[in-house]
Protein chains: 2
Amino acid sequence: MSDSSPAPKRRKEQRPLEILRAAIDLFGEQGFAHTTISAIAKRAGAAKGTVYLYFETKEALFEEAVRQFIKPMFSGIKLSVDRFPGTNRELLEMLIRRVYAQLVENEERRAIIRIVISEGQRFPHLGQFYHREIIQHAQKMIGQILQRGVAAGEFRESLAKSFPAVLMGPVMLAAVWKMTFDTAQPLNVQRFCEAHLDLIMQGLCTR
Amino acid sequence: MSDSSPAPKRRKEQRPLEILRAAIDLFGEQGFAHTTISAIAKRAGAAKGTVYLYFETKEALFEEAVRQFIKPMFSGIKLSVDRFPGTNRELLEMLIRRVYAQLVENEERRAIIRIVISEGQRFPHLGQFYHREIIQHAQKMIGQILQRGVAAGEFRESLAKSFPAVLMGPVMLAAVWKMTFDTAQPLNVQRFCEAHLDLIMQGLCTR
DNA sequence: TCTCATAATGACCCACGGGTCAGTAAGCGT
DNA sequence: ACGCTTACTGACCCGTGGGTCATTATGAGA
């Protein structure tokens, strides 16, 4: 018997993780400055002092919490580019759909994005870390798909190969929109995604 | 003699504007929570109490400062769609170039964007205001260009007409990149803009 | 059941910063 | 010059929240 929630005292080495979870939730909701250690402790079912048992300072807790949740962001998106059965066009399409599902439609992930943007100035580590863990991998993956697609005659030679990120522009906009303008004008992510795919695949101009 | 900086006491009805300028600078650099009224006052060459002569609370000052600088953002971008001499394609191209120049390359404007994203949760007014003053106008303008372009046979029928914002996605990404990842991997905005135009005009796929 | 190492607690300390207000001094009218 | 209005000042007040630490509670081993 014992444990569960009423009196799960003592004997816990999963405490740090519980605290990190609570922390990332609150930092995402309220930002760094407006989140108190007491609030984090309470949500984690612990006392304030317990937090300081595992983390030196609020800053340290913050950085570790964000890192903890940046790491797995890419694993949800990663797909084996090498062994994909379909065309490169289909692969790119699937990748983009997956990014919308993983980054735009998922509230916790959007919160991470907001945190990185908001606190990027005061915590340059975060921007660098996010770049290393997500952006770089994504760039490489997209670059690879483009290169193969061109070789296979599916894609034309475009400037996008120097800036793979340009393909993901609308994703960033959708994420920001959801966080910022959604009350003013709700965004239908599904249809936005379709418009995005339509645009980058076909372009605007007639020929 | 007199005035200038050493002892510009009293007699000022431009005081509020000086304070707003100082405020927007610091809010942009450090965010809402980390900016102190004393710091704003000091930068404006006034004492703390003076700030409270013109603004009720820190929140009020913040909202007014941001509004003050959101308003003119669109005027720098606006162009007369009706009487443009060139093609719709040229018009769209010029519009996008101008948006990069006004929003991405200008540090103060980027700061506004970061503020709206960062503080959008705690100050929903801001998101709504930005949407009303910038997003809505921009959507209308782009929608108009697309519509005419299709009518003139320059553009194909695309899903972008339901989501004009999708065209501006890469702009948002570039702005965020400059604020967040630029130390990790500097962004060449000029060339990024070219890649963006290339992409949306021509698309990726061969035909 | 008793002991002891240590996980956990929360009252406490104190720096910081939003907001106040009694006092100061700059100009203006006379 | 002399007052009088009022823009302006900054020392002060006090709530908040990061960080500490003496004390308590827990449970594993004897």
Side-chain angles (χ1 to χ4, degrees), chain A residues 1-66 115 119 122-123, chain B residues 1-66 115 119 122-123:
Chain A
M1 65 196 84
S2 75
D3 78 86
S4 84
S5 41
K9 313 242 169 187
R10 193 149 173 126
R11 294 289 88 198
K12 295 230 175 183
E13 295 336 345
Q14 59 270 36
R15 222 57 191 280
L17 207 74
E18 294 170 2
I19 293 171
L20 286 172
R21 271 196 190 290
I24 202 66
D25 283 356
L26 290 173
F27 284 135
E29 287 166 23
Q30 317 179 344
F32 175 79
H34 198 247
T35 300
T36 69
I37 298 287
S38 308
I40 293 171
K42 181 179 271 184
R43 178 172 296 208
K48 192 205 265 194
T50 306
V51 174
Y52 286 96
L53 239 47
Y54 299 103
F55 303 95
E56 284 291 315
T57 66
K58 191 185 178 189
E59 273 82 4
L61 169 58
F62 176 67
E63 295 214 351
E64 259 197 76
V66 179
I115 288 174
E119 318 289 356
R122 286 174 33 69
F123 300 90
Chain B
M1 66 197 82
S2 75
D3 77 85
S4 82
S5 43
K9 313 239 170 188
R10 195 152 172 120
R11 292 292 85 201
K12 296 231 172 181
E13 295 335 345
Q14 59 270 35
R15 220 61 192 278
L17 208 73
E18 295 170 1
I19 293 171
L20 286 173
R21 271 197 189 289
I24 202 66
D25 282 357
L26 290 172
F27 285 135
E29 287 167 23
Q30 317 180 342
F32 175 79
H34 198 247
T35 301
T36 69
I37 297 288
S38 308
I40 293 171
K42 183 179 270 183
R43 178 172 295 209
K48 191 203 264 194
T50 307
V51 173
Y52 285 96
L53 239 47
Y54 298 104
F55 303 95
E56 284 290 315
T57 65
K58 191 186 178 190
E59 273 82 4
L61 169 58
F62 175 67
E63 295 214 352
E64 259 197 76
V66 179
I115 289 173
E119 317 289 354
R122 288 176 31 72
F123 300 91

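In the text below, chain A, chain B and the rest are named by the order of the sequence lines, each starting its count at 1. Heavy atoms only: backbone and side chains are in, while hydrogens, waters and symmetry mates are out.
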- Query: Are any of the side-chain nitrogens in E29(A) or R122(B) under 4.0 Å away from the carboxylate oxygens of its partner?
  - Reply: no
- Earlier contact from the 5' end, DNA chain C, for Y52(B) and G49(B): Y52(B)
- Item | Spacing between Q14(A) atom CD and dA8(C) atom P, to the nearest angstrom | 9 Å
- Task: Give the rounded distance in Å between these two atoms: CZ of F62(A) and C1' of dG19(D).
- Result: 19 Å
- Note on the structure: Taken to the nearest whole Å, CZ/F27(B) to P/dG17(C) is 13 Å
- Has R15(A) got a side-chain N or O lying under 4.0 Å from the OP1 or OP2 atom of dA7(C)? no
- Query: Backbone N or O of F32(A) within a donor-acceptor pair of the K58(A) side chain at under 3.5 Å?
  - Reply: yes
- Task: Report yes if a donor N or O on one partner sits less than 3.5 Å from an acceptor N or O on the other, where the partners are the side chain of K58(B) and the base of dG19(C); otherwise report no.
- Result: no
- Item | Atom-pair distance (NE2 on H34(B); P on dG18(C)), nearest Å | 11 Å
- A47(A) side chain: which of dC8(D), dG18(D), dT9(C) is closest? dT9(C)
- Query: Once you round it to whole Å, what is the distance between P of dA7(C) and CD1 of I19(A)?
  - Reply: 13 Å
- Query: What integer distance in Å separates L26(B):CG from dG17(C):C1'?
  - Reply: 15 Å
- Can you check the K42(B) NZ to dG17(C) P distance for me, whole Å? 12 Å
- Query: Is the phosphate of dA7(C), meaning OP1 or OP2, less than 4.0 Å from a side-chain N or O of Y54(A)?
  - Reply: no
- Item | Closest listed nucleotide, where the reference is the side chain of K48(B) and the choices are dA11(D), dC8(D), dA11(C) | dA11(D)
- Nearest of dC8(D), dG19(D), dG19(C) to any side-chain atom of L53(B)? dC8(D)
- Rounded to the nearest angstrom, tell me the gap between atom CD in E59(A) and atom P in dG17(D). 15 Å
- Message: Can you identify which nucleotide, out of dG18(C), dA8(C), dG19(D), has its nearest atom closest to the T50(A) side chain?
- Response: dA8(C)
- The side chain to side chain contact (heavy atoms under 4.5 Å, CB included) partner of T35(B) among D25(B), L26(B), L61(B) is L26(B)
- Is E18(B) salt-bridged to R15(B), cutoff N-O under 4.0 Å? yes
